[in-house]
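Read the structure below first, then the notes.
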Amino acid sequence: MKPTLSRRGFMGLTGAMALGGAAAAGLHSSRALAVPQTAPGLLYGPAPGVAKLNANENPYGPSQSAIAAMAKASAMGAYYIGDALTRLRSMIGERFDIPTSQVSFSSGSSGVLTYLALAKAREGAILGPDLFWDTTTRAALRQGGELVRIAPTSDLGLDLDALYRAITPDISMVQICNPNNPTGMVLDPVKLREFCIKASKKCTVLVDEAYNEITDDPAANSMVPLILQGHDVVVARTFSKLYGLAGMRVGYMLASEENTAKVARFSLGDYALNQAGVAAAVASFDDTAFLSFSKERILEARELITSTAQTNGLSVAPSQTSFVYVNLGSLNAESFRAEMARQNVLIRGIYQDYTGWSRVSCGRLEDVQQYAAAMPRALEALNA
Ligand SMILES: Cc1ncc(COP(=O)(O)O)c(C=O)c1O
């Protein structure tokens, strides 16, 4: 079976988008998880002078509390992980008021997302938007699974009615990333809740909430309560974004007992986690001072990116995340990426066929200032 790409309504998109070519040209897409080398020989983090704004990390992490916990845990690294994971599981269970037997862990949420995709692809096709963080569904495609996509609205949003209509008996799971990556846009929580309740009568609904904590109203935007109400809804969360632990690789999934068992069929379970990462997650989970500090800095960076784009005559998609999707108009996002890289600013290139859109992460303020300074020069080079 091959992935199906519906282009319904595609030509109604802004004139900035041209069809075709990106994937064939081997350009950057949301497929790539790998973080590019930033300096030969440098093992950790970006090289001095390099503004790394391409993978939505929180550069203020890990928190001091996490660093202290990791040092302590690493000193005991001879032992397999034990009580720390039990502690993390209880903390998550308590926070979301969900039985701990309904919490699955993996090394980053990529793991649990992949395991669920592998399980559900055996039951039928996976349905999702044309543009979302589809890296983990691709694991299921490599095993012969099918991904059906629906076209976005003219403003790059997700038409939940169209998504609902696309749920045929062949669909085993709908996957939504909320807020979405790479657009950064969040769905109306009331409409999403209605959709989840309706759609989950027909198939499993997976909501990837990797950036939930960065939204204006995390509680309202979360679909976790639906799991407890018995709807066939699954939610994935991660410590990689606001918690500042992308390199420590801790993610989790909240689901019914039945869906948790499906994930477990493909998972290494608790053995997939490492002592230091879990220690860092435990220390960060309630570190409100660090989390608020990080969120404030991220929003500041987002403001600066938005105003920079506007000053340069560009527009942006409304973001509720730690990145911004910038509309370059008729310019090519891959060429823009290359021009920015020449100035030591690392951003993303083209996703799918959206050739005029460029994603940039809300990194350290000084790095975003470097982005702001580099943008006019890159635009000038492309317009020359
Ligand atoms: C929407 C979304 N979900 C999940 C992930 C996976 O992150 P991790 O495996 O680090 O938890 C990412 C990473 O960028 C993401 O953007």
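Counting starts at 1 for both ligands and their atoms, in listed order. All values reported here derive from a predicted model rather than from experimental measurement. Count residues from 1 along the sequence.
Contact annotation for S240 and ligand 1: only side-chain heavy atoms (C-beta onward) come within less than 4.0 Å of the ligand.
No side-chain donor from either of R297 and N58 sits under 3.5 Å from a side-chain acceptor of the other. With hydrogens and angles left out, the side-chain atoms of S222 and E209 include a donor and acceptor closer than 3.5 Å.
Among S110, G251, P182, the residue whose heavy atom lies closest to atom 9 (O) of ligand 1 is S110. For atom 14 (O) of ligand 1, the nearest non-hydrogen atom from the set R237, R249, K241, M248 belongs to K241.
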Please list, one pair per line, the donor and acceptor atoms closer than 3.5 Å that link side chains of residues 74-82 to other protein atoms, with sequence neighbours excluded.
residue: S74; atom: OG; partner: M70; partner atom: O; Å: 2.7

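Within the structure, the closest approach of F239 to ligand 1 does not fall below 4.0 Å when heavy atoms are considered. In this structure, D208 is part of the shell of residues with a heavy atom less than 4.0 angstrom from ligand 1. Look at C177 and you'll find a heavy atom under 4.0 Å from some atom of ligand 1.
S307 places a side-chain N or O within 3.5 Å of a backbone atom of L304 that can act as its donor or acceptor partner.
Below 3.5 Å of separation, one finds an N or O of Y211 facing an N or O of ligand 1.
In this structure, the ring of F323 has its center less than 6.0 angstrom from the ring center of Y211.
In this structure, K202 is positioned above the aromatic face of Y164, its NZ or CZ under 6.0 Å from the six-membered ring centre and within 45° of the axis.
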